[in-house]
There are 2 protein chains.
Amino acid sequence: MERHFDEELKDLRKDILKMSDLARESIAKSVEALKNRDKAQAQNVIDADSKIDEMELVIDEKCIDLLARYQPMAKDLRFVTTGIKINADIERIADLAVDIAQRVLELADKPLLKPLIDIPKLSEVAQNMVREAIDSFIKKDVALANKVVASDTEADNLRNSICTELTNDYMSHDISTVTRAVPLLLIARHLERICDHATNIAEDIIYMVEGKTVKHHHE
Amino acid sequence: MERHFDEELKDLRKDILKMSDLARESIAKSVEALKNRDKAQAQNVIDADSKIDEMELVIDEKCIDLLARYQPMAKDLRFVTTGIKINADIERIADLAVDIAQRVLELADKPLLKPLIDIPKLSEVAQNMVREAIDSFIKKDVALANKVVASDTEADNLRNSICTELTNDYMSHDISTVTRAVPLLLIARHLERICDHATNIAEDIIYMVEGKTVKHHHE
């Protein structure tokens, strides 16, 4: 029994890792589609989302099934319930990549406001935060989770500077930029929300490993 | 044992209902603050959020505790794991009300773009969707959950018309409106995300009561 449970936990970790890889791939591809004004690539991101939605259902079922069959206690119980929460966050992260792809479709036929300011940089930060948040879950690594929580300030600052630049330097000077600047402004927001989800995941990990106090402290 | 579990479930329902009432109150107050350009009211919404964050922790603990002590099966197990997921959604809904309040603070010293177009209407839709989504959980009412899922189209349409009007009728015509229109555009997005969370909750309820097929269908 013990060994089976551990093996199934290992499978669960693998599934969550795989799903988060797909979500990160969607972020990378959607921002690549923005850079290259590649409608087909943006559409690919949108189409790939149903696969991630399916994975969410499968992982949810696995978690509930683990609870029902093994009735795990203490650390193991918390690991599975945290898995349920993380699963939902990853699915939303993938949805936000779809949101970015939809903005890319809106922009694809218009001349780009170059040089996309710091959007590619914010995308890198977002992808790293997601990767590290999931790694901290897999390895129960609180130090790494704390690093993710700390990175959120960088993400907020980047998003702020992107939005300020779009509003003050483009839209407020040249009316013809509005319909191109608004989707970029929303993309910056979508990326920042991805960082928020990564932060939520990291806070859940700290809570899972160390108990109440730490998460409370972060909030 | 049986009766205790049922009583604790009743408590859990009550807590979730109370937390969702606070979240809806935050939405209502933040949009009221927008209408009245009331900075103090906006600040109240921001300050009240720590109470909701605390409730999230308490409810999470109760769910995990219920799983550990009673090891519920079948429908009861799903009710508790759904509670864990819904809890996270309500907390995010309250965060989005805080986001709205922050936009209100940005706008408070500038002349309003009147008549706020359809933002108060979208706020009503959002509050109703949240209320009905939580009711569908409390009553395990799939018909009500389906109604919430159907309402999401109305929310999307309202958000689209608000954003189109702000972009095409204001920002693209009059540069001086940009710094006031952008926060309104973001508020419309925040409200739509609240509707998305309500839809997620409703989909979870349908899944909880009827099993895989229906949620799959909605996705």
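Sequence lines set the chain letters: A, B, ... in the order given, protein chains first and strands last, and positions in each chain run from 1.
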- prompt: Is there a side-chain contact (heavy atoms from CB on, under 4.5 Å) between B:I64 and A:R78 once you walk through the steps?
  reply: CA-CA 7 Å; B:I64 293 174; A:R78 268 171 206 279; 3.8 Å; yes
- request: For the pair A:R92 and B:H197, evaluate side-chain contact (heavy atoms from CB on, under 4.5 Å) and give the outcome as yes or no after the intermediate values.
  value: CA-CA 10 Å; A:R92 308 285 159 82; B:H197 281 289; 3.4 Å; yes
- request: Could you please spell out the steps behind the side-chain contact (heavy atoms from CB on, under 4.5 Å) verdict for A:K85 and B:D60?
  value: CA-CA 10 Å; A:K85 294 173 78 173; B:D60 244 14; 2.4 Å; yes
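Heavy-atom distances place the side chain of B:D89, and not its backbone, under 4.5 Å from chain A. Only the side chain of B:M73 comes within contact range of chain A, judged by heavy atoms closer than 4.5 Å. The part of A:L186 that comes within reach of chain B is its side chain, from C-beta onward, which places non-hydrogen atoms under 4.5 angstrom from that chain. Only the side chain of B:D99 comes within less than 4.5 Å of a heavy atom in chain A; its backbone stays farther off. Contacts between B:L77 and chain A at a heavy-atom distance below 4.5 Å involve the side chain alone, from C-beta outward.
Between chain A and the options B:L185, B:V178, B:T177, the largest number of non-hydrogen pairs under 4.5 Å is found for B:V178.
Around the NZ atom of A:K14, the shell of radius 6.0 Å holds no more than 12 heavy atoms that belong to other residues, nucleotides or ligands. Shown here is A:K110, whose NZ atom has more than 12 heavy atoms of other residues, nucleotides or ligands within 6.0 Å.
Contact of the B:M171 side chain with the A:I175 side chain is not registered, since no non-hydrogen atoms from C-beta on lie closer than 4.5 Å. When side chains are defined from C-beta on, A:S172 counts as touching B:T179, because their heavy atoms get closer than 4.5 Å.
One finds the CD1 atom of A:I84 at 5.0 Å from the OG1 atom of B:T81 (value rounded to the nearest 0.5 Å). Distance CZ/B:R189 to CZ/A:R189: 11.0 Å, rounded to 0.5 Å.
In this structure, a donor-acceptor pair under 3.5 Å is absent between the side chains of A:Y70 and B:Q71.
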